[in-house]
Peer 1: 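Below you will find the structure I want to go over with you.
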Amino acid sequence: DVLTGAGLDEALAGVDAVIDASNTPATDENEVVRVFRTMTANLLAAEQRAGVGHHVLLSIVGIDGVEGNPHYAGKRAQEALVKQGRVPATIVAATQFYDFPLMISSWTRDGDTVPLPPLLMQPLAPDDVATALVAVATGKPQGRVEIAGPETQDMIDMARRSFAARGESVRIVPTWDGLFGVTMAGNVLLPGPDARLTRTTFEQWLASGGPA
């Protein structure tokens, strides 16, 4: 239990590396930050006791450029603890996943109407994220790296194509009102020039049945 620390010592016995992809459904910023800090602090302390040599944290590209997003505030707090910790670490900052538009749509959908922000992203396939995390975890600590997909995409277009692939007809309403504000507009969610690019395209993910 990463929130209480119960069982971590037993779980980490003999472990060389830990991939931390923990999350929380909380939406209040103070609660999100508290949960991320608690989970991360418990993990790092247990890893240090167990002699774990590599902590790999899954984070998000662009969190430093976005204010007012509770989840991003929690990830910033999590990254800070990892950077300050005594366990050698790599922070893997990823762009959004290909199923991100459908996930957000499930939160905002009202009947056949789906309000969504026109986010500019360079998303990637979830399987490629898993592959990248394992590759990092089995190597030496690298500090911080970014991973992203091969092409930039617009979330409105991605949502339309994802729903079409599922055979659903919905009306998508572009808006900056709601979950995401204009602090996430422009290039803020795009990776830096040194990001490691994955190979699976959005078209390939759609064709593979990803939206289902």
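Because only heavy atoms are used, hydrogens play no part in the values below, and waters and symmetry mates are left out as well, while side chains stay in. The first residue of the sequence shown is numbered 1, and numbering continues consecutively from there.
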Peer 1: With a 4.0 Å cut-off on N to O distance, would you call Arg34 and Glu31 a salt bridge?
Peer 2: yes
Peer 1: Let me confirm one number: the OG1-NE2 distance from Thr27 to His71, rounded to the nearest 0.5 Å.
Peer 2: 12.5 Å
Peer 1: Only pairs under 3.5 Å count here: list side-chain donor-acceptor contacts from residues 174-195, not counting sequence neighbours, and write none if there are none.
Peer 2:
| unit_1 | atom_1 | unit_2 | atom_2 | d |
| --- | --- | --- | --- | --- |
| Thr175 | OG1 | Asp177 | N | 2.9 |
| Thr183 | OG1 | Glu67 | O | 3.4 |

Peer 1: Are Glu168 and Arg160 within salt-bridge range, i.e. N to O under 4.0 Å?
Peer 2: no
Peer 1: Identify the heavy atoms of Pro141 and His54 that sit nearest to each other, and give their distance.
Peer 2: CA-NE2, 3.5 Å
Peer 1: Taking everything shown except Asp28 itself, do over 12 heavy atoms lie less than 6.0 Å from its CG?
Peer 2: yes
Peer 1: Between atom CZ of Arg171 and atom OG1 of Thr113, what is the distance when rounded to the nearest 0.5 Å?
Peer 2: 5.0 Å
Peer 1: Should we say atom CG of Asp99 is surrounded by more than 12 heavy atoms from elsewhere, each under 6.0 Å from it?
Peer 2: yes
Peer 1: Among all residues two or more places apart in sequence or in another chain, which pass the side-chain contact (heavy atoms from CB on, under 4.5 Å) test with Glu203?
Peer 2: Glu151, Arg161, Thr201
Peer 1: Report yes if the side chains of Asn30 and Val33 come closer than 4.5 Å at any heavy-atom pair, otherwise no.
Peer 2: no
Peer 1: Using a distance-only test with no angle check, is there a side-chain donor-acceptor pair under 3.5 angstrom linking Gln122 and Thr95?
Peer 2: no
Peer 1: Work out which heavy atom in Leu12 is nearest to a heavy atom in Ala46; give both atom names and the distance.
Peer 2: CD1-CB, 3.6 Å
Peer 1: List for me each residue that meets side-chain contact (heavy atoms from CB on, under 4.5 Å) alongside Thr198, sequence neighbours excluded, and say none if there are none.
Peer 2: Leu124, Asp128, Pro150
Peer 1: In Å, rounded to the nearest 0.5 Å, how long is the span from CZ of Arg37 to CG of Asn42?
Peer 2: 14.0 Å
Peer 1: Specify the closest pair of heavy atoms between Ala26 and Val32, including all atoms of both residues, with the distance to one decimal.
Peer 2: O-CG2, 3.2 Å
Peer 1: Just verifying a value: how many Å separate Phe36 CZ and Glu79 CD, rounded to the nearest 0.5 Å?
Peer 2: 11.0 Å
Peer 1: Do Glu29 and Asn69 pass the side chain to side chain donor-acceptor pair (under 3.5 Å) test, and can you show the C-alpha distance, the side-chain angles, and the key distance before you say yes or no?
Peer 2: CA-CA 8 Å; Glu29 182 168 324; Asn69 184 305; over 6 Å; no
Peer 1: Closest heavy-atom contact between Tyr98 and Met158?
Peer 2: O-CE, 3.8 Å
Peer 1: If the condition is salt bridge (Lys or Arg N to Asp or Glu O under 4.0 Å), which residues does Glu146 pass it with, not counting sequence neighbours?
Peer 2: Arg144
Peer 1: Among side-chain atoms of Gln142 and Thr90, is any donor-acceptor pair under 3.5 angstrom?
Peer 2: no
Peer 1: So if you build clusters from Ile, Leu, Val, Met, Phe, Trp, Tyr with side-chain heavy-atom gaps below 4.5 Å, do Leu133 and Ile147 land together?
Peer 2: yes
Peer 1: Can you list everything that forms a side-chain contact (heavy atoms from CB on, under 4.5 Å) with Gln84? Sequence neighbours excluded, please.
Peer 2: Ala80, Leu81
Peer 1: Which residue pairs pass the salt bridge (Lys or Arg N to Asp or Glu O under 4.0 Å) test with at least one member in residues 49-64, sequence neighbours excluded?
Peer 2: Asp9-Arg49
Peer 1: Find the distance between CG (Asp154) and CG (Leu116) and round it off to the nearest 0.5 Å.
Peer 2: 10.0 Å
